[in-house]
Amino acid sequence: GRDTQVDQITALLEQNKFLMVTGASGDGKSSLVYAGLIPNARAGFFRTRYSNWLIADFRPERDPLGNMAASLAHQLQISADTAKTELRRGYSSLVDLYTSSTAYAGEEDSSFQTLSEPERKEKKRTAANLLILLDQFEEFFTNPENYHQGAPSKEASLVLNLLLETARISLEDDLPIYVIFTM
């Protein structure tokens, strides 16, 4: 019964690479994404570069950077420690992690051009879009580790800046990276 909403958020995410899904507690924001948008994307109802999807979903809880790094590490098949270290290198580091992973085909890159035709086909066949889902965004404000005395922690600020910059770069460079916040 939420097909119209799923179609709307899909269109917005395709266009903007960033989506904030807000609503009252219990409205089904997470369900809209997990049971609507993600299955539709995996079924091919999302216009994007690749047919495969990596879903890096996490909740901030008391360790937003660690939780995001662990989810990305699992999807990009690297260690969580490596992901956490790399994410601290700058606001474009999340994009760098993805574009240097096996999930990205990078057809315009010289390294892709040097591959044989069968290798290029295999690389494109296994490449995947990256969807980053920060579920329960309000935990940035409700956990004292993330927000104390009216100011966000350094790690909370880093995670937010990483995600916003990733969405901006993805839109600007037409990368298949999408960012969703639920709150």
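When side chains are defined from C-beta on, Leu94 counts as touching Leu130, because their heavy atoms get closer than 4.5 Å. The shortest side-chain heavy-atom distance between Ser170 and Phe18 does not fall under the 4.5 Å cut-off. For the pair Phe46 and Asn129, the minimum side-chain heavy-atom distance is 4.5 Å or more. Counting heavy atoms from C-beta outward, Leu37 and Leu131 have side chains that approach closer than 4.5 Å. Taking 4.5 Å as the limit, every side-chain heavy atom of Lys84 sits out of range of all side-chain heavy atoms of Leu72. Inter-residue side-chain proximity for Leu134 and Phe58 is flagged as met; some heavy-atom pair is nearer than 4.5 Å.
In the hydrophobic clustering of this structure, Phe137 groups with Leu158; members are Ile, Leu, Val, Met, Phe, Trp, Tyr whose side-chain heavy atoms approach within less than 4.5 Å, directly or through other members. Leu163 and Ile177 fall within the same hydrophobic cluster, where Ile, Leu, Val, Met, Phe, Trp and Tyr residues are linked whenever their side-chain heavy atoms come under 4.5 Å apart, directly or through other members. Neither Leu19 nor Val95 shares a network with the other; the hydrophobic side chains, linked directly or stepwise wherever heavy atoms of I, L, V, M, F, W or Y lie under 4.5 Å apart, form separate groups for each.
More than 12 heavy atoms of other residues, nucleotides or ligands lie within 6.0 Å of CD in Gln113, so this atom counts as buried by the packing criterion.
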* Yes or no on side chain to side chain donor-acceptor pair (under 3.5 Å) for Thr48 and Tyr178, after CA distance, side-chain angles and deciding distance? -> CA-CA 10 Å; Thr48 192; Tyr178 303 87; 2.6 Å; yes
For side-chain contact (heavy atoms from CB on, under 4.5 Å), just list the numbers for Trp53 and Ile38, CA-CA rounded to whole Å, side-chain angles, deciding distance to a tenth of an Å, and then say yes or no.
CA-CA 9 Å; Trp53 285 88; Ile38 291 173; over 6 Å; no
- side-chain contact (heavy atoms from CB on, under 4.5 Å) assessment of Arg88 paired with Glu155: CA-CA 9 Å; Arg88 291 181 186 276; Glu155 285 204 350; 2.7 Å; yes
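Arg59 and Glu138 are not joined by a salt bridge, as no carboxylate oxygen comes within less than 4.0 angstrom of a charged side-chain nitrogen.
To the nearest 0.5 Å, atoms CG (Leu12) and CE (Met20) are separated by 13.5 Å. Annotation: the span from Asn52 atom CG to Arg42 atom CZ amounts to 10.0 Å, rounded to 0.5 Å. With rounding to the nearest 0.5 Å, the separation of CG in Leu160 from CZ in Phe140 is 4.5 Å. Between Tyr34 atom OH and Thr182 atom OG1 the span is 7.5 Å, to the nearest 0.5 Å. How far CG of Leu162 is from OG of Ser157: 10.5 Å, rounded to the nearest 0.5 Å.
Shown here for Ala156 and Asn146, the closest heavy-atom pair between the two residues is CB-O, 3.5 Å.
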